[in-house]
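The structure displayed is predicted, hence computed values, not measured ones.
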Amino acid sequence: MKLDIGGEESFEVGIDALWRALNDPAVLVKCIPGCKEMIDEGGDRFKLILNLKVASVGGSFEGAISLADKLPPAQCKVAVSGSGTLGQGSGSATFSLEPQAAGTMMRYSGEGEIGGLVAGVGQRILKGVAKHLIGQFFKALRRETTAPVTPQ
Amino acid sequence: MSEPGQHRYVSSDRRVREDRRFVVGKGNFVADIGLPNTKHVALVTCPYPAARIKSIDVSAALALPGVHYVLDGAELAAATLPLMTGLDTPNVPRRPLAFEVARYAGEWVAAVVADSRALAEDAAEKVKVVYEKLPFVLDAEQALEPTSPLVHQAHGSNLLLDKTFTWGEVDKDFAASPRKLSLRVKWGRSSTVPIETFGVIASWDPWRDMLDVHASIQMPRYADQIGIALKLPVSSIRVHYDVDVGGSYGVKRGIKHTVLVGYLSRRLGFPVRLIEDRLENMRGGDAHGPERLFDVEVAFDDQGIIKSMKMRALENVGAYAGRSPFQLGKPIGAIVGPYKIQSVQYRAIAVVTNKTTQEAVRGFGQAPTNVAIERTVDEVARVLGLDPIEIRRRNMIRHEEFPYTIPSGTTYDSGNYHTVIDKVLAHTSYEELKQERDALRAQGKLAGIGIAACLEPSGGNAMFEALLNPKITTTTFMDSCRITVDGVGSITATMHTTSSGQGHETLVGTVIGEVLQLDPELARVTRPDSLNSLPSGTPVGSRMAIMLGGAAFHAATKLKAKLTAIGAHDLGIAPERAAYANGEVYDRNAPEKRRAWVDLVQIAYRNFHRMPADMEPGLSVSHVMQVPTGGKLPTADGRVQMYPCTSFEFHLILLSIDPELGRPEIVKYRVGHDCGTVINPKIVRGMTMGGIAHGIGAALYEEFAYDGEGQLMAQSFMDYLLPSSHEVPAVEIIHHCTPSPHTVLGQKGSGESGYLGAPAGIANAINDALRPLGISINTLPIKVSVLGDMIAAARDNKEK
């Protein structure tokens with residue numbers, strides 16, 4: 001089944017810091033939900049090992065993520081694909097970053113496709129799950145890009 | 001042939017003997033069979049509707065402790081032959097595991113063998129398959145387009161079958177008729193979904209050259225097909241029929257599962273078991289049913305007499321042929337239903353698509369065809385302003401016109417359709433039912449009355465095979481029974497196939513008891529394995545009451561004749577002077593002179609000196625029975641005698657729809673049913689009730705729906721909706737008995753009863769309910785969501 005992905009998120013960090021974070025595997029591995037490992041294969045391509053659970057089906061997935069059409073620090077196209085015995089998914093989205101008064105605004109839009117068991121069994125909740133996973137990603141990204149506050 | 005009421009055991013409301021073990025949970029199903037050292041299979045399935053298999057890496061799976069083997073399609077294809085299919089389509093091979101190309105989402109790509117099923121499932125996740133996605137097609141009409149992706153490249157098109165039959169003067173009748181009407185009807189992809197999924201255990205013994213198979217099977221020529229695919233003599237395949245089958249109604253045809261585990265057991269040297277989980281059953285079990293598009297055109301006069309019909313049926317069989325295309329052929333034996341339509345043109349088209357493969361489903365394609373016919377008859381009534389019962393009465397074959405030959409060549413044996421309708425309406429007043437409907441309408445509900453009349457062809461010969469594939473010349477369709485009275489006088493009878501809840505042991509016992517005039521409970525009924533069996537066509541085509549019942553009747557009659565001859569000889573009288581009664585033989589002229597059962601057994605087993613000359617000692621007789629009528633190949637113009645008997649059913653339904661939710665509710669359900677002599681009323685009632693529940697599912701709820709990307713959306717009972725006790729109403733069955741002249745007791749089939757007419761009746765009821773809104777629906781299943789949206793749109797339009 002197809003899923004539309006899109007939205008906007010604002011960040012308190014500057015555009016260059018956000019751009020760097022989005023291009024840093026060490027950061028991404030902490031932000032992508034269920035990501036166990038991210039292996040740099042060169043040329044802006046990475047291999048992903050994921051452990052995800054959707055509805056009553058859970059399992060490990062192997063995936064790939066690649067970055068293309070880069071216009072630093074303003075725009076980037078991200079393509080993700082993953083598959084496991086329980087199903088497969090793929091999607092691509094374009095991110096654009098724009099400086100604003102108190103940080104950076106990110107807009108993104110794209111399309112995903114989910115197949116296999118996950119699609120069949122989880123169809124009713126997949127949209128919600130996708131939204132939740134994307135939310136988790138941004139939450140983690142915000143945490144990773146905000147400088148830790150030293151306790152007084 | 002016999003009249004009702006003259007039997008001692010037949011037709012009496014006796015216990016179904018199988019029920020005892022099922023009720024206490026002591027059935028012996030395939031999962032109950034424990035063979036030492038059995039290993040378990042889990043499957044790796046293709047996630048795409050069409051994909052080329054580039055590589056399969058099994059190393060991570062094999063590295064897990066307890067994992068024994070991973071089999072792929074290439075190894076299996078090299079070692080076995082493709083599975084048997086009915087049509088002459090050599091470039092559409094069907095194999096247990098996809099070879100080079102996978103053709104539907106869920107198709108099996110590799111099989112993992114491990115110490116436990118759980119371990120096998122874990123290991124299946126570790127098998128890494130690299131696919132190259134291929135273009136796919138899901139819709140039958142799109143599959144016919146020249147630009148469509150090909151499901152089987154080597155076949156050159158997606159068309160498996162396109163055959164047009166013309167029986168009678170169709171063009172002339174159309175030209176001469178003042179009125180015509182056409183209708184498009186769609187039957188959605190549903191099935192029979194058994195509670196017990198398919199399962200099989202195969203165990204190869206190299207020291208005896210024997211493959212023992214225990215399976216949850218309902219399939220003709222099962223052992224033959226295993227032997228041929230595995231390139232083994234069929235005498236090396238021993239199928240154990242003494243396995244209870246937890247539901248089937250056609251779909252338990254796990255030949256691909258069996259060839260897979262049979263190969264694995266030979267390859268690995270231990271018993272291998274595959275029991276589908278629900279997901280495997282629904283996606284890759286190859287157990288979907290018909291998905292059929294009908295275009296019907298009829299020519300009729302102002303009185304509503306239908307003269308001629310043209311029907312185009314387009315079947316979406318899924319990725320491989322299987323038995324499915326033949327399901328377009330079986331309805332030819334009742335292509336005009338109970339009506340006197342004098343000419344018919346029938347075009348049967350089957351295409352492959354990237355969906356799960358179909359198998360046989362209850363009625364073998366008849367229920368969808370009945371929806372097309374019955375929706376059309378209702379439409380004719382509507383345009384003429386005729387009552388739907390009246391139009392059926394006008395068109396139906398009358399009692400005195402039997403035997404009646406329909407245009408496609410089948411002669412219907414007997415029937416009394418008008419009387420069945422009268423009986424139902426005597427039970428439930430039609431006028432009062434209409435008042436009840438109108439009262440519901442007055443309360444703001446949508447309400448409709450649904451009528452359906454149809455036939456259940458029964459006695460199953462498979463002459464549709466020769467009709468659709470002239471290379472097939474089979475006209476022999478057998479069933480058999482052997483009865484042995486042992487040396488101390490107990491009776492054991494055999495049947496030679498599995499049962500999936502049809503009560504065959506009760507059937508055989510009852511018939512033998514009737515003939516021998518002995519308590520049916522005295523006759524034990526067993527199922528020898530396939531190597532010790534007589535021929536059986538298996539329980540397909542609503543045939544076992546006719547064929548197994550017939551074989552048991554004839555075998556018992558032979559036994560009675562032998563006992564009578566032994567008794568006469570020992571009494572020193574001519575055989576004609578001797579009579580048999582209640583297990584004894586006596587002299588008609590001096591009834592006090594008799595030989596009791598024990599005396600006859602004594603003579604047959606131990607006193608050869610008292611036996612008639614030239615008679616075999618012992619008491620064992622068998623009978624192999626050919627299907628009554630027919631036995632001839634189709635004529636050049638495509639006419640053939642199909643099933644020998646036709647049961648009749650008449651459905652009368654009151655249904656209401658909540659106009660806000662679109663939710664239908666069956667208020668009243670009556671069915672008139674005539675299956676000739678009923679051998680066991682409990683079994684026939686169970687069949688009819690279950691059939692109606694199944695029909696309600698097909699009409700309103702059940703569908704193996706796919707999304708646009710070729711993914712099956714109904715993979716569990718959360719999405720494949722079976723009717724529950726909330727949706728199935730109380731049903732009143734009104735019986736009538738018109739015996740068949742072709743069967744030993746006047747019996748006809750009832751294995752598909754209820755299901756063949758319920759979807760049509762419900763579709764008609766819904767359309768009657770929608771009529772005040774000026775809308776209609778002819779796509780099944782008629783889902784709540786669709787109905788709700790249609791009603792809302794129609795009401796909005798009315799307000800404008």
**OP:** Taking the side chain as every heavy atom from C-beta outward, state whether A:M1 and B:Q711 have any pair of such atoms under 4.5 Å apart.
**Re:** no
Original post:
If contact means a heavy atom pair closer than 4.5 Å, which residues of residues 712-723 of chain B contact chain A?
Top reply: B:L712, B:M713, B:Q715, B:M718, B:D719
Original post:
Can you tell me if CZ on B:R278 sees more than 12 non-hydrogen neighbours from other groups inside 6.0 Å?
Top reply: yes
Original post:
If you round to the nearest 0.5 Å, how far is OG of A:S83 from NZ of B:K128?
Top reply: 9.5 Å
**OP:** May I have all residue pairs that pass side chain to side chain donor-acceptor pair (under 3.5 Å) and include part of residues 28-47 of chain A, sequence neighbours excluded?
**Re:** A:D44-A:K70
